[in-house]
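Below is one structure, written out as structure tokens, with a few remarks after it.
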Amino acid sequence: MLDSVIFYFFAGIAVISAALMVTRRNAIHSAVFLITTLLATAGIFLQLRAEFLFIAQIILYVGGIMVLFIFVIMLVRLDVPLPQIRSGLQKWIALFVALTVGVEAGVVIFLARKAPGQGLLIPNPAPADKLPPNTEELANSLFRSYLLPFEIASVLLLVAMVGAVVMAKKRTEAP
Amino acid sequence: MMPIGHYLFLSLALFLIGVIGVITRRNVIIVLMSIELILNAVNINLVAFSRYFGDVAGQVFALFIIADAAAEAAVGLGIIIAFFHNRETVLADEMDLLKW
Amino acid sequence: MPAAYIPLLLFSLLVLTFPVVTLVVFKCIRPGSRGGPAKFQPYECGILPETSARGRYSARFYIIGMLFVVFEVETIFLFPWAILFRTWLAQHLAAFALSYMFVFLGILLVGYVWLYKKGALDLA
Amino acid sequence: MNPTLHSILAFVQTWWVELLCAVLIVLVVPLIAGYLALVERKVMADMPARLGPMRVGPPGLLQPIADALKLLIKEDSIPDNADRFIFWLAPVLSVTAALTSMGAVAFGPWFQAARDINIGLLFVVGVSSLGPIGIVLGGWASNNHYSIIGALRSTAQLISYETTAGFALVSGLLLAGTLNVRAIVEAQRTDHAWYIFLAPVGFSTYLIASIAETNRAPFDLPAAASELVAGYMTEYSGFRWSLYFLAEYANMIVVASVGTTLFLGGWLRPFPNVHWLGWLDAAPTLLLAAVGAYCVFRAGKQPARLQSLVMWAVAFSSFVVSAIFVFASPFSHLPLAKMHDGLYGAFWFLLKVSAYIYIFMWLRFALPRFRFEQLMRLGWHILIPLALVNVVGVAIALALHSEFSWNRWLATFFTTLATLGAAMMLLRWNDKYSAAAALLADSSIAEDLHAG
């Protein structure tokens with residue numbers, strides 16, 4: 001009962017503010033609504049007992065990436081309203097794609113729920129009133145099973161940093 | 001315990017909103033934000049399945065996706081800044097040169 | 001939702017209502033804004049602003065933000081390692097724990113030194 | 001009985017301490033922030049031997065309340081070309097982030113709005129890291145050059161030092177091995193040491209980073225009055241301004257609590273395991289009794305009747321609190337004795353937090369302000385590598401202790417020395433490098449002049 005109330009609370013916030021995000025004309029308003037969506041998603045992670053991911057989402061996504069977005073919006077004068085839809089056709093294409101993908105995936109999820117003994121009828125998850133120490137569990141999995149992907153991820157970050165600096169630095173050095 | 005379908009539908013909704021944003025918006029930065037939204041929808045799926053299978057691997061991969069999103073945002077915004085300095089615009093349909 | 005977080009959720013909602021309610025309540029009490037058009041100009045020490053302040057600012061702020069995001073991701077990856085470190089030591093996995101960290105911090109250090117040499121850290 | 005009502009009642013029964021703490025934090029922290037401002041003005045006045053606010057209430061004790069009333073009913077002006085929605089949202093966001101992060105702080109072993117959460121410390125740090133968004137949005141919404149430059153600078157500063165603070169926290173967490181706030185404090189009891197002694201460099205970097213993170217002098221560039229009017233708060237007035245103000249002081253409490261929890265032993269008294277220092281447990285009672293006695297002594301000498309009345313009131317309340325401490329001591333057989341841990345723990349915790357905040361104020365009035373590029377150089381060139389090297393040092397000390405069974409203090413001593421040596425090398429390298437850079441910059445200026 002309580003679980004589903006909390007789920008619908010966060011899910012409602014997430015979907016509504018996501019919809020607001022793609023329809024705002026001003027990029028800063030979009031960023032604010034994206035922040036709301038991300039925070040609501042963090043709530044959903046918490047509801048799914050992913051404690052560490054909840055706080056990682058808040059620290060990295062909201063406190064890190066979104067700050068970067070807002071910075072860039074302020075730096076390149078994106079915060080004025082821009083003309084919106086490219087053409088009438090664009091809107092119809094978007095609607096068509098969204099409807100196709102949405103109906104397809106929706107039907108799949110719905111049917112899979114109905115299929116007996118398979119699909120989404122997943123074995124009962126352990127009831128968790130008392131949380132297992134999620135961070136320790138995650139750390140064990142990360143450092144035992146996924147050590148190589150992890151190191152590759154840090155190399156990826158390094159490459160991204162180098163690329164971004166090269167790209168932005170070129171302009172600041174030769175104004 | 002909620003059925004997992006709820007989480008999948010939520011993730012689907014966010015994903016579709018993101019797709020619509022990517023297709024219809026002209027402002028490149030909002031397109032990038034819509035991509036972040038799509039990544040986020042994927043994360044909900046991963047975490048939901050991780051919870052229902054009782055395996056933290058899904059959460060590990062969600063963490064990787066967040067790291068990935070950070071890298072993507074850094075490079076993408078760098079491109080936007082470089083482009084803005086050259087062309088004084090951020091509209092997607094004016095990014096029509098392969099090289100300048 | 002894990003039970004321990006429900007008081008925290010209630011608490012954050014309570015905290016959110018505090019400024020909102022005070023703002024709304026005292027809006028009814030305090031005197032309204034009066035004054036000519038000059039009063040609602042942006043305050044820029046007496047000089048009339050000719051353009052909107054939302055203009056172009058230095059791209060260095062972007063570099064700071066980008067470096068922050070990358071380093072923050074690395075920090076988040078360090079936290080799980082840090083809290084398991086003593087457990088590993090107790091299991092006599094010191095070599096594993098330390099070597100893992102050296103590879104990780106080594107990658108970070110390469111990036112840091114490159115940034116330093118490139119002058120990307122001279123941020124002002 | 002109605003099942004919903006029943007479950008709500010059961011919930012309240014289980015969590016009443018937490019809910020009470022939540023309400024208390026929301027009600028009391030604004031008041032405490034006001035009084036912190038008063039204390040700050042008193043400290044500021046005391047440094048050059050002045051008196052500070054003396055008029056409102058006897059020794060100025062009612063000043064914060066008068067200030068709050070003034071701010072609440074002050075005219076609230078919004079500039080014409082501001083973005084009203086964001087202008088409204090930004091201070092609310094700032095203050096919500098600062099207060100919410102206080103939810104996971106353990107003010108003593110009992111007083112915590114979120115008991116038993118496994119990521120407590122990270123929650124505090126993470127949620128308070130949402131503050132920069134409120135600042136940058138506030139500056140943008142005002143549409144004022146000073147505001148935007150102040151907001152950009154402020155956010156750049158906050159995020160730069162957040163990285164340092166993160167690495168410093170990692171060095172403490174290596175020792176604690178958990179993110180749960182209570183478990184961190186208990187780990188310091190079982191380790192027989194506050195972690196400031198096992199990671200001194202970590203604590204120092206955290207202290208510096210926390211000053212910068214709360215935008216306080218000598219790092220108060222965003223509101224550098226001589227350059228930027230009031231930085232991102234230029235256009236804010238009345239109650240919205242006071243929300244930013246409240247967020248700043250709440251953030252001070254938060255960073256001080258995190259430092260206290262991780263490095264200063266949280267609610268443990270000094271030397272919690274040394275038995276012959278057990279008399280330190282009587283310190284709260286004696287201290288409060290001494291404060292009461294002082295007030296009684298001074299009450300007769302006050303010039304006005306109101307002042308002496310307030311003195312009597314202060315004396316009375318401190319006697320009452322010290323009586324509560326006596327009745328809560330293990331020697332009494334009253335039911336209050338059950339609250340011994342909670343009360344004494346809260347006393348020590350608040351004492352340490354106050355000391356930490358006093359350091360903030362002291363530094364504010366003792367040091368001149370940094371320039372922006374000095375601030376950035378300190379953060380990115382010195383503190384971040386230092387904090388990183390310190391993480392390695394602490395890890396190696398731990399490994400030496402457990403694998404080669406070195407003495408813990410010896411290992412800490414040597415790794416700290418090595419870390420400091422690395423820091424000295426870094427500084428020299430940096431000096432050489434920046435001297436060369438300054439020379440280059442000068443020569444290019446000279447060339448420009450020549451060409452011009």
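Letters go in sequence order (proteins before strands), and every chain restarts at 1. Keep in mind that what you see is a predicted model, and the values were worked out from it rather than measured.
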A:Leu34 versus chain B, the contacting section by heavy-atom distance below 4.5 Å = side chain
So do the side chains of B:Leu63 and A:Phe150 get within less than 4.5 Å of each other, counting heavy atoms only?
-> no
For the residue pair A:Ile44 and B:Leu10, establish whether any side-chain heavy-atom pair is separated by less than 4.5 Å.
-> yes
Would you name the heavy atoms of A:Ala14 and B:Leu14 that are closest together and state the gap between them?
-> O-CD2, 3.9 Å
Contacting region of A:Ala31 [heavy-atom separation from chain B under 4.5 Å] = both
Let me know if A:Ala18 has heavy atoms under 4.5 Å from chain B in its side chain, its backbone, both or neither.
-> both
Do B:Leu39 and A:Tyr61 touch side chain to side chain, with heavy atoms closer than 4.5 Å?
-> yes
Which one of A:Ala153, A:Ala50, A:Ser154, A:Ala56 has the most heavy-atom pairs closer than 4.5 Å to chain B?
-> A:Ala50
CD of A:Glu104 to CG of B:Leu12: how many Å apart, nearest 0.5 Å?
-> 10.5 Å
Between A:Gly106, A:Gly64, A:Gly163, which residue shows the highest count of heavy-atom pairs closer than 4.5 Å to chain B?
-> A:Gly106
Side chain to side chain donor-acceptor pair (under 3.5 Å) assessment of B:Asn43 paired with A:Gln57 = CA-CA 10 Å; B:Asn43 270 352; A:Gln57 169 104 352; 4.5 Å; no
Distance col, row B:Ile20:CD1 vs A:Ile93:CD1, nearest 0.5 angstrom, shows 13.0 Å
To the nearest 0.5 angstrom, please state how far the CD1 atom of B:Ile29 sits from the OG atom of A:Ser30.
-> 10.0 Å
What part of A:Ile65 is in contact with chain B, defined as an atom under 4.5 angstrom from a non-hydrogen atom: side chain, backbone, both or neither?
-> side chain
Checked B:Ala73, B:Ala69, B:Gly76 vs chain A; the most non-hydrogen pairs under 4.5 Å come from B:Ala69
Are A:Tyr8 and B:His6 side-chain neighbours, meaning at least one heavy-atom pair lies under 4.5 Å?
-> yes
Could you state the interatomic distance from CD1 (B:Ile30) to CG (A:Asn26), rounded to the nearest 0.5 Å?
-> 8.0 Å
Before giving the answer on side chain to side chain contact (heavy atoms under 4.5 Å, CB included), spell out for B:Phe64 and A:Leu142 the whole-Å C-alpha distance, their side-chain angles and the decisive distance to 0.1 Å.
-> CA-CA 10 Å; B:Phe64 284 150; A:Leu142 181 62; 3.8 Å; yes
Taking the side chain as every heavy atom from C-beta outward, state whether B:Met33 and A:Thr37 have any atom pair closer than 4.5 Å.
-> no
State, to 0.1 Å, how close A:Ser141 and B:Val60 come at their nearest heavy-atom pair, and which atoms those are.
-> OG-CG2, 3.7 Å
So, for A:Tyr146 and B:Phe61, which heavy atoms are closest and what is the spacing to 0.1 Å?
-> CE2-CE1, 3.3 Å
Shortest non-hydrogen separation from A:Ala160 to B:Ala71 and the atoms involved | CB-CB, 3.6 Å
Taking the side chain as C-beta and beyond, is there a heavy-atom pair between B:Thr24 and A:Val22 under 4.5 Å?
-> no
What are the two closest heavy atoms between B:Ile23 and A:Ala94, and how far apart are they?
-> CG2-CB, 3.9 Å
Stepwise, does the side chain to side chain contact (heavy atoms under 4.5 Å, CB included) test hold for A:Phe69 with B:Glu36?
-> CA-CA 11 Å; A:Phe69 266 98; B:Glu36 299 288 337; 3.9 Å; yes
Calculate, to the nearest 0.5 Å, the distance between atoms CD1 and CG belonging to A:Ile73 and B:Asn27 respectively.
-> 8.0 Å
Comparing B:Val19, B:Asp68, B:Ile66, B:Val75 against chain A, the one with the most heavy-atom pairs below 4.5 Å turns out to be B:Ile66
So which of A:Leu138, A:Asn140, A:Leu99 has the largest heavy-atom pair count under 4.5 angstrom toward chain B?
-> A:Leu138
B:Ala13 to A:Val15 - nearest heavy-atom pair and separation | CB-CG2, 4.3 Å
